[in-house]
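What you are looking at is a predicted structure, and each value in this text was computed from that prediction instead of being measured. Quick note: numbers below take in every heavy atom, side chains included, and nothing from hydrogens, waters or symmetry partners.
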Number of protein chains: 2
Amino acid sequence: MPKDTALLPTHVAAFANRRRDPGTKREAVLKTAAELFLEKSYGRTSMNDVAQRLSITKPALYHYFRNKEEILIECYRLGTGLIEEILNEIAEHCGTGLEKVEAFIYSYANVMTVNFGRCVMRLDDADLSPDALGEVRKYKRKIDRRLRSFIQEGIDDRTIAPCDPKIAAFSIAGALNWICHWYEPEGALSAEEIATQFARTLTRGLAAPRTSARPRVAGK
Amino acid sequence: MPKDTALLPTHVAAFANRRRDPGTKREAVLKTAAELFLEKSYGRTSMNDVAQRLSITKPALYHYFRNKEEILIECYRLGTGLIEEILNEIAEHCGTGLEKVEAFIYSYANVMTVNFGRCVMRLDDADLSPDALGEVRKYKRKIDRRLRSFIQEGIDDRTIAPCDPKIAAFSIAGALNWICHWYEPEGALSAEEIATQFARTLTRGLAAPRTSARPRVAGK
DNA sequence: TTGATATCTTACCCACGGGTAAATTCCAAC
DNA sequence: GTTGGAATTTACCCGTGGGTAAGATATCAA
């Protein structure tokens with residue numbers, strides 16, 4: 001007889017019956033794990049905690065993941081996947097440097113309100129094995145390079161006031177990454193609001209003086 | 001016979017001879033603990049690690065601190081103390097709102113390159129007991145309120161362009177707090193450089209349009 | 001219906017780390 | 001010297017958590 005999965009808290013339903021559907025269950029484990037990692041940190045989250053929230057027992061988890069770290073790595077992978085998407089989208093789409101930066105800020109802020117995205121910047125790198133750590137670090141550098149290049153583009157096409165792209169990128173990335181430290185899904189600010197506001201506010205700080213001098217050779 | 005403490009790595013010297021004032025030793029423990037907490041995180045730092053770096057044994061530590069958390073709390077206390085100083089200084093000193101914000105950014109960025117200061121924003125709140133956590137949270141809120149009030153002052157006195165102080169404060173705080181995630185004492189950028197650059201860059205993002213309209217009634 | 005297999009549980013092992021009890025060493029004052 | 005007491009150490013306890021072995025049970029294919 002099929003159990004009553006209707007009003008079961010979120011992904012727990014995936015384990016309601018024993019049906020063979022490893023994909024869905026793996027995903028369910030991943031989602032609850034990410035939740036817990038963000039609530040209590042990776043270190044303070046035990047495999048038992050994860051199992052308990054799914055109403056199963058610890059060893060059952062090891063049918064879907066080889067060990068705890070593999071879960072963590074998968075969280076990172078999904079998170080970086082999200083970022084990768086927006087990065088590529090922007091690189092193709094938009095026009096001026098400033099517009100690209102604005103699009104970046106908007107999309108990135110949004111990602112920082114999605115659990116897997118939050119994992120990438122909020123969880124502690126150092127919990128990863130050397131190999132995985134290496135990959136993540138490499139990826140983060142890539143993000144940084146991209147943002148800097150957008151800014152440089154903006155400086156070149158005169159939509160962004162001359163500045164040190166390195167420092168500017170650090171500032172923007174910091175402001176954005178910090179979102180995942182204070183954002184809470186049930187909080188006062190919605191993801192949309194945050195994204196739009198940040199895009200506006202941060203962009204204004206970069207923009208080259210608008211109205212007065214239109215297209216002119218910018219003296220330093 | 002007095003031991004050769006001359007070229008001993010940093011604070012280890014404090015424990016070289018046995019009859020030395022407890023104050024110095026407590027301080028030495030605190031410094032090395034903070035170092036380790038920042039290198040490996042609180043959770044991954046064992047009391048043995050701390051002891052080892054000081055060339056003593058674990059139980060010796062318990063002569064100077066009741067338990068591991070007390071060390072952590074003390075780190076937070078010293079860190080918030082540093083921030084408190086600059087907060088008060090600024091509140092008295094400077095003139096316009098924009099100037100206050102700039103001074104805040106400069107000093108705060110500097111604090112984020114000092115170990116105890118870094119602890120406050122980089123270490124994980126959740127490792128604290130409920131009581132201590134409450135205090136720290138309260139203190140962080142205070143910092144946020146102060147920054148917002150500086151920004152509001154700037155908007156009122158027309159040195160800062162109209163904006164949402166809440167979002168602006170989040171951005172600035174994020175950019176600054178993130179420093180302690182990428183700063184490294186031996187890195188390319190010195191604390192001074194970071195502080196000055198950030199003060200300049202972030203301030204420019206806020207400043208009301210300068211030259212053209214001097215003192216005028218600003219329409220909303 | 002009936003295996004065969006994926007799924008899940010009970011029971012367990014073991015390393016690690018916080019913390020303590022009690023013995024020991026060193027310094028200082030007498 | 002000797003001795004009293006503080007500073008340190010050795011040896012230990014025990015809870016927690018990652019991970020596994022082996023048995024129990026449901027599901028699917030035939």
Side-chain angles (χ1 to χ4, degrees), chain A residues 1-3 5 11-29 32-33 36-37 39-75 124 126-129 132, chain B residues 1-3 5 11-29 32-33 36-37 39-75 124 126-129 132:
Chain A
M1 60 206 75
K3 289 172 194 167
T5 80
H11 2 288
V12 183
F15 284 89
N17 57 10
R18 227 166 166 175
R19 196 176 94 263
R20 303 184 184 186
D21 184 0
T24 312
K25 295 190 179 179
R26 221 184 114 95
E27 200 181 328
V29 172
T32 54
L36 282 164
F37 293 167
E39 285 172 23
K40 315 203 307 174
S41 89
Y42 177 76
R44 271 183 297 272
T45 302
S46 74
M47 291 297 264
N48 256 324
D49 292 335
V50 180
Q52 206 161 23
R53 184 165 290 191
L54 289 165
S55 302
I56 55 174
T57 56
K58 178 173 59 162
L61 294 173
Y62 288 85
H63 265 260
Y64 303 95
F65 294 90
R66 292 228 308 281
N67 51 43
K68 196 184 175 191
E69 198 211 338
E70 196 175 275
I71 302 182
L72 182 63
I73 290 179
E74 198 74 14
C75 287
D124 192 349
D127 284 312
L128 294 163
S129 63
Chain B
M1 63 205 76
K3 291 170 192 169
T5 80
H11 0 289
V12 182
F15 284 87
N17 35 350
R18 216 166 178 178
R19 213 70 169 197
R20 199 147 182 161
D21 65 313
T24 312
K25 296 190 179 178
R26 221 183 115 96
E27 200 181 327
V29 172
T32 55
L36 283 163
F37 293 166
E39 284 172 24
K40 316 203 306 175
S41 87
Y42 177 76
R44 272 183 297 273
T45 302
S46 73
M47 291 297 265
N48 255 325
D49 292 334
V50 179
Q52 206 161 23
R53 186 164 289 191
L54 289 165
S55 302
I56 55 175
T57 55
K58 179 171 58 161
L61 294 174
Y62 289 86
H63 263 261
Y64 302 96
F65 295 91
R66 293 228 308 281
N67 50 43
K68 197 185 175 191
E69 198 212 338
E70 195 175 279
I71 300 182
L72 183 61
I73 291 179
E74 198 72 15
C75 286
D124 192 349
D127 283 313
L128 294 163
S129 63

Mind checking side-chain hydrogen bond (donor to acceptor under 3.5 Å, both in side chains) for A:Glu69 and listing every partner two or more places apart, or none if nothing turns up?
A:Ser129
Whole-Å gap separating P (D:dT20) and NE2 (A:His63):
12 Å
To the nearest Å, how far apart are A:Gln52 CD and D:dG17 C1'?
13 Å
List the residues meeting salt bridge (Lys or Arg N to Asp or Glu O under 4.0 Å) with B:Glu39, not counting sequence neighbours, and say none if there are none.
B:Arg53
B:Leu61 CG - D:dT9 C1' separation (whole Å)
12 Å
Working to the nearest 0.5 Å, report the span between CZ of A:Arg26 and CD of A:Glu74.
4.5 Å
In whole angstroms, how far is the C1' atom of D:dA6 from the CG atom of B:Asp21?
14 Å
Any residue meeting side-chain hydrogen bond (donor to acceptor under 3.5 Å, both in side chains) with B:Ser46, in chain and number order, not counting sequence neighbours:
B:Asp49
Residues which pass ring-ring contact (aromatic ring centres under 6.0 Å, His included) with B:Tyr42, listed by chain and number, not counting sequence neighbours:
B:Phe37
With sequence neighbours excluded, tell me which residues meet side-chain hydrogen bond (donor to acceptor under 3.5 Å, both in side chains) with A:Asp124.
B:Arg44
For a quick check, with a 4.0 angstrom heavy-atom cut-off, what is the B/S/- contact string for nucleotides 10-20 of chain C, read 5' to 3'?
BB-----SBBB
In whole angstroms, the gap separating P of D:dG18 from CG of A:Asp127 amounts to 11 Å
Rounded off to whole Å, could you give me the NZ-to-P distance for the A:Lys25 and D:dA26 pair?
13 Å
Send over the distance from A:Phe65 CZ to D:dT20 C1', rounded to a whole Å.
19 Å
